[in-house]
Each structure stands twice: as structure tokens, then as C-alpha cells.
Amino acid sequence: MDKIHNKYLLPSYILTILFSPLYIIIFFHHLSVPVAGGSPHVYNPKETIFLYCGSSGSSPASTRTWIGDVESEHFPLNQSENNASTTADPSQQPRTVEKIPYMKARLSRYQFSYTFNLTPGQKFIRFYFYETSYLNLDRSKAFFSVTAGSFTLLSNFSTQLAAIDSQQDTIFKEFCVNVQENQNLNITFTPSQDYKDSYAFINGIEIISMPLNLYYTNATGETEYPLVGRTAGKLFSLSNSNALETFSTQFAPVAVYQTARTMGNDTKVNENYQLTWEFPVDSAFTYLVRLHFCEFQPEITVTGNRVFEIDIANQTAETRADVIAWGGDRSGVPVYKDYAVTMGSKENQKKQNLSIALHPAPAYMTKYSDAILNGVEIFKVDNSGSLAGPNPDPRTTTLTSGNNHSNNRKIIIAVVVGVVSSFVAVSVV
Ligand SMILES: *[C@@H]1O[C@H](CO)[C@@H](O)[C@H](O)[C@H]1NC(C)=O
Ligand SMILES: *[C@@H]1O[C@H](CO)[C@@H](O)[C@H](O)[C@H]1NC(C)=O
Ligand SMILES: *[C@@H]1O[C@H](CO)[C@@H](O)[C@H](O)[C@H]1NC(C)=O
Ligand SMILES: *[C@@H]1O[C@H](CO)[C@@H](O)[C@H](O)[C@H]1NC(C)=O
Ligand SMILES: *[C@@H]1O[C@H](CO)[C@@H](O)[C@H](O)[C@H]1NC(C)=O
Ligand SMILES: *[C@@H]1O[C@H](CO)[C@@H](O)[C@H](O)[C@H]1NC(C)=O
Ligand SMILES: *[C@@H]1O[C@H](CO)[C@@H](O)[C@H](O)[C@H]1NC(C)=O
Ligand SMILES: *[C@@H]1O[C@H](CO)[C@@H](O)[C@H](O)[C@H]1NC(C)=O
Ligand SMILES: *[C@@H]1O[C@H](CO)[C@@H](O)[C@H](O)[C@H]1NC(C)=O
């Protein structure tokens with residue numbers, strides 16, 4: 001049962017994507033062939049920056065070359081209090097297979113800033129933190145904020161609490177931010193004022209320009225997402241003045257009810273099955289949810305073969321999801337559907353589960369009582385310029401095992417999947 005399940009629900013190509021632009025292209029090629037049949041348009045990001053903080057010169061890694069921030073145009077010493085920062089080595093090597101950018105850090109008790117001269121448009125930004133001891137400083141004092149332009153991306157952020165919570169000593173934080181015309185993007189790290197001896201550090205910064213029309217319609221327009229729930233029929237507008245945090249999750253098994261059958265005969269039984277995924281998210285933010293589908297089972301060929309319902313955060317998002325119909329009455333067409341959902345502040349809980357549940361439509365609507373989902377992307381939308389959420393509560397457990405590269409790979413990288421889906425959408429048109 002598990003095997004069948006995995007095969008149809010979470011194809012390994014979504015789960016094991018590597019991070020480099022090269023992979024975006026390769027991946028897209030693979031996916032596009034059966035879809036378009038022709039030669040796809042390949043996206044070449046205008047900017048790809050891999051900045052290895054605390055290092056100098058260039059450091060080739062397996063899929064990319066990192067450039068050190070020492071004497072770099074991105075780290076001007078006359079800006080902010082950059083000259084008060086220092087470079088530092090970790091007290092021990094990370095357990096990741098890929099050691100770069102974790103073998104160096106830039107660290108300071110004062111504010112420091114990077115500056116990037118970028119073309120206008122949407123940028124994907126990823127911060128790499130390796131939580132360990134540097135210069136014998138107290139790890140629990142690494143409390144800091146990170147801003148990019150006018151956006152607060154992280155605030156009062158504790159790398160130690162984040163590492164303990166995720167049980168990973170390497171931490172990624174990923175964002176999408178729009179850069180206006182003729183503006184440098186300044187990324188600033190500020191140690192928290194609330195703690196004596198607090199400091200900030202960073203190991204690596206990655207910036208990649210994103211294609212237009214990926215999550216935002218175009219350079220000027222707004223994209224409207226159906227808002228699920230009580231406010232049914234209402235739309236949520238995403239504009240260039242919004243920043244997003246991409247939600248990457250270990251795809252450790254997150255399907256909590258792995259009971260769905262694929263192509264079972266017993267519709268009565270299937271009708272009562274439900275597939276649910278739970279994603280812990282910060283309260284009091286709006287989230288964009290992009291669901292990816294593609295029907296490729298031989299039995300599912302025409303509209304009405306497999307019709308199902310989709311609930312997001314316990315609220316109806318679709319009553320008649322029919323992937324074949326969405327693909328223009330054809331099978332093998334990858335499609336995605338976007339939704340917005342607001343997670344209120346419930347009983348002062350820091351986090352809530354954003355659930356995605358699928359279950360078959362009533363038997364008269366569908367030939368097979370079944371459901372399908374191929375991939376999920378979730379984005380947090382800024383609240384008045386801030387994406388910062390609270391730290392997780394301290395746990396009594398300490399970090400026992402670090403992550404390794406094979407774990408890292410199992411992260412759904414929104415930009416990668418997103419780039420793919422946008423091309424697919426283009427080629428379908
Ligand atoms: C750092 O820069 C500031 C202002 O640019 C300057 O006042 C200060 O003396 C510099 N400190 C060092 C250690 O160079
Ligand atoms: C910092 O130095 C650069 C190059 O020397 C110069 O162009 C820039 O204006 C300086 N910035 C400040 C804030 O002094
Ligand atoms: C970025 O920092 C530089 C140097 O402090 C400053 O001149 C520039 O105005 C800043 N850019 C933005 C967009 O804030
Ligand atoms: C951007 O999208 C909006 C709404 O879809 C549209 O009206 C506008 O013409 C588009 N602008 C450009 C430059 O494509
Ligand atoms: C469906 O039912 C038929 C007859 O009862 C049986 O032969 C067949 O193996 C079943 N198929 C599946 C997929 O369970
Ligand atoms: C959804 O329903 C479950 C079970 O009733 C509940 O535990 C959970 O808090 C609900 N989630 C939201 C966002 O209301
Ligand atoms: C979210 O769901 C998981 C798995 O069902 C559960 O362990 C966890 O306690 C839930 N978290 C919240 C905040 O409800
Ligand atoms: C900063 O985070 C710590 C740990 O979660 C928390 O105890 C503290 O209240 C936070 N401070 C602020 C100002 O939010
Ligand atoms: C990485 O993790 C995988 C899965 O947890 C495990 O099988 C593998 O042995 C680990 N590799 C290293 C080098 O620790």
C-alpha cells in the first residue's frame with residue numbers, strides 16, 4: 001500500500017531536487033518532454049550569487065562556485081559597522097556532505113550589511129546558517145534580525161532554538177523579495193538589543209533572480225488568489241510590494257493518514273478515505289498554497305474519471321477537483337492550483353497546522369473514488385513588511401544528529417518547483 005501511495009502522491013523527482021540552476025534546467029527538460037513534445041524555453045536567471053560569508057576568493061563546491069565576502073563589492077567596509085565584524089571558523093565540521101558554505105562565518109556583535117546591485121524583479125534569497133560554536137562564543141546568544149531592503153525577514157531569531165526544533169544543525173531560510181528599479185538591495189544583520197552579548201552570524205547567502213509570472217503575475221500587476229474559507233469567493237491580492245517566505249519542509253513522511261487507495265474497486269470504502277498533510281506554520285499570517293497535479297495513470301483518461309474534494313485548513317477549497325478537466329480534457333498535463341488561506345491567531349498558539357486534505361467526491365460524480373496530489377508549495381506572505389515569526393519553544397532535547405546531504409535534498413525547493421511549473425504552464429498554453 002505504501003508503495004502505491006508514494007508512487008502516485010509524491011514522485012521522487014519533486015522530493016530530490018538539488019538546488020542549483022542547472023538542476024532547474026535539467027528537471028524542466030525531463031518534465032516538459034511529455035507535456036509539450038517540443039523544445040522548451042529554458043530559464044536562465046539573470047543573477048546567481050553564491051556568497052560565502054567569512055571566506056575569501058572562490059570556493060568551488062559540487063554544483064556551484066561560492067565567492068568569498070572578504071574584500072567583496074557586496075561587503076563594503078565603509079558601510080554600517082561592517083569593519084567591526086570578524087570572520088570565524090566553526091568549532092567543528094558540519095555533518096553535511098557538502099561542507100561549503102559552512103566552514104566559515106561572518107560574525108559580529110554589531111550591525112553589518114551586505115549590498116547587492118541587482119536588476120529589478122523578483123529575487124529568491126536563501127540564507128545558510130550552521131549552528132555551532134564560533135570563537136568560543138555562547139551559542140545561545142546568537143539572537144538577531146535580518147532585513148532585506150524594507151522587509152524584516154527574521155527578528156529576534158535564535159539559530160540555536162531553530163536548530164534544536166528542526167533537529168538540524170544547518171538551517172536554511174528562504175524568501176522571495178522584489179527589487180525595485182535602480183535600487184541596491186541591502187541585507188542587514190542586527191544582533192538583538194534584548195540580550196546582553198548577543199551576536200549575529202551568517203555562513204552563506206544565495207540570490208537567484210526568478211522568472212516573472214511565477215507567483216506574481218508580472219512586473220506591474222497583481223495576482224489574485226482565491227481565499228478559502230468563510231470568506232469564500234473573496235480574493236487575496238499578491239503584489240510586488242509583498243515579500244514571501246518559502247516553506248520548505250523535510251519530506252520525511254508527512255502524510256498522516258496514508259489510507260487512500262489508488263484505483264481500488266471498492267468505491268464505498270474509498271469514499272470514506274481521506275488523505276491529510278499537516279504543515280506547522282506561524283499563526284497570524286496569510287499563506288499561499290500551490291498544489292501540483294498530473295494524471296498519468298492509464299485508467300484516468302477523461303473528465304469525470306477521478307473527481308475529488310480539497311480542503312485547506314479545514315475549509316473547502318474545491319468540491320470538484322478534476323485534473324483531467326483542468327488539463328484541457330487531456331491526461332499527462334501538469335497543472336497547478338493556487339489558494340490563499342489566513343491562519344488566525346488561535347488561542348495565542350505560536351504555530352498551527354495548515355492541513356491539506358483530499359477525499360473522493362460523492363460516487364455519482366466520479367468513476368473512481370480516489371484522489372491525487374503530486375506536490376505542494378506553501379508561502380508565507382508578509383504582514384506589513386514583516387515575515388518574522390516567533391522562535392520555537394526551547395526543547396529539553398539537544399541536537400544529537402545533524403542532517404546530511406541526502407536529507408537536505410529532500411526539501412521541496414519552491415523556486416525549483418515553481419520555475420518548473422511556470423514553464424509547464426507556458427508550454428501548455
Ligand atoms: C569603522 O568605520 C567607522 C565609520 O566608517 C569608523 O568610524 C571606524 O573607525 C572604523 N573602525 C575600524 C576599526 O576601522
Ligand atoms: C564606500 O566606498 C565606496 C568605494 O570606495 C564609495 O563608492 C561609497 O560611496 C562609500 N560609501 C559610504 C557610505 O561611504
Ligand atoms: C544600501 O546601503 C548603501 C550604503 O549604506 C546606501 O547608500 C544605499 O542607499 C542603501 N540602499 C538602499 C536601497 O537602502
Ligand atoms: C500585468 O498583469 C495585469 C493583470 O493581469 C495586466 O493588466 C497588465 O497588462 C500586465 N502588465 C504587463 C506589463 O504585462
Ligand atoms: C476488482 O474486482 C475484480 C472482480 O471483483 C477483481 O478481479 C480485480 O482484481 C479487482 N481489482 C483491483 C485493483 O482490486
Ligand atoms: C482543523 O481541525 C482539527 C480537528 O478538528 C483541529 O485540531 C485543528 O485545530 C483545525 N485547524 C484549524 C486551522 O482550524
Ligand atoms: C500538527 O500535526 C502534527 C501531526 O499530526 C502533531 O504532532 C502536532 O502536534 C500538530 N501541531 C499543532 C500545533 O497542532
Ligand atoms: C525573543 O525570543 C525569545 C526566545 O523565544 C523569547 O523568550 C523572547 O521573548 C523574544 N523577545 C522578543 C522581544 O520577542
Ligand atoms: C544520511 O542520511 C541517510 C538517511 O537518513 C542515511 O541513510 C545515510 O547513511 C546518511 N549518510 C551519512 C553520511 O550520514
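For ligands, and for the atoms within them, numbers begin at 1 and follow the listed sequence.
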Suppose we screen for ring-ring contact (aromatic ring centres under 6.0 Å, His included). Which residues come up paired with F112, at least two apart in sequence or across chains? F189
Listing request: all side chain to side chain donor-acceptor pair (under 3.5 Å) pairs with a residue in residues 339-352, at least two apart in sequence or in separate chains. D282-K351, S283-Q352, T286-T342, E318-Y339, K350-D393
Ligand 8 versus L161: contacting region, heavy-atom distance under 4.0 Å: side chain
Is it true that Q122 and N240 share a donor-acceptor pair across their side chains at a distance under 3.5 Å? yes
Can a non-hydrogen atom of Y195 be found less than 4.0 Å from any atom of ligand 8? yes
Do the two ring centres, one from H74 and one from Y114, sit under 6.0 Å apart? no
Please output the residues near ligand 6 using a strict heavy-atom distance under 4.0 Å, listed in chain and residue-number order. N314, M343, K346, Q352
If a pair satisfies salt bridge (Lys or Arg N to Asp or Glu O under 4.0 Å) and one of its residues is in residues 68-78, list it, with sequence neighbours excluded. D69-R106
So Y225 and F236, would you call those rings parallel, tilted or perpendicular, with 30° and 60° as cut-offs? tilted
Aromatic contact, F144 with F129 (centres under 6.0 Å): yes
Cation-pi geometry met for R290 and Y336 (6.0 Å, 45°): yes
Is there a polar contact, in the sense of an N or O pair closer than 3.5 Å, between N391 and ligand 8? yes
Numbering the atoms of ligand 7 from 1, which are under 4.0 Å from a heavy atom of K351? 13 (C)
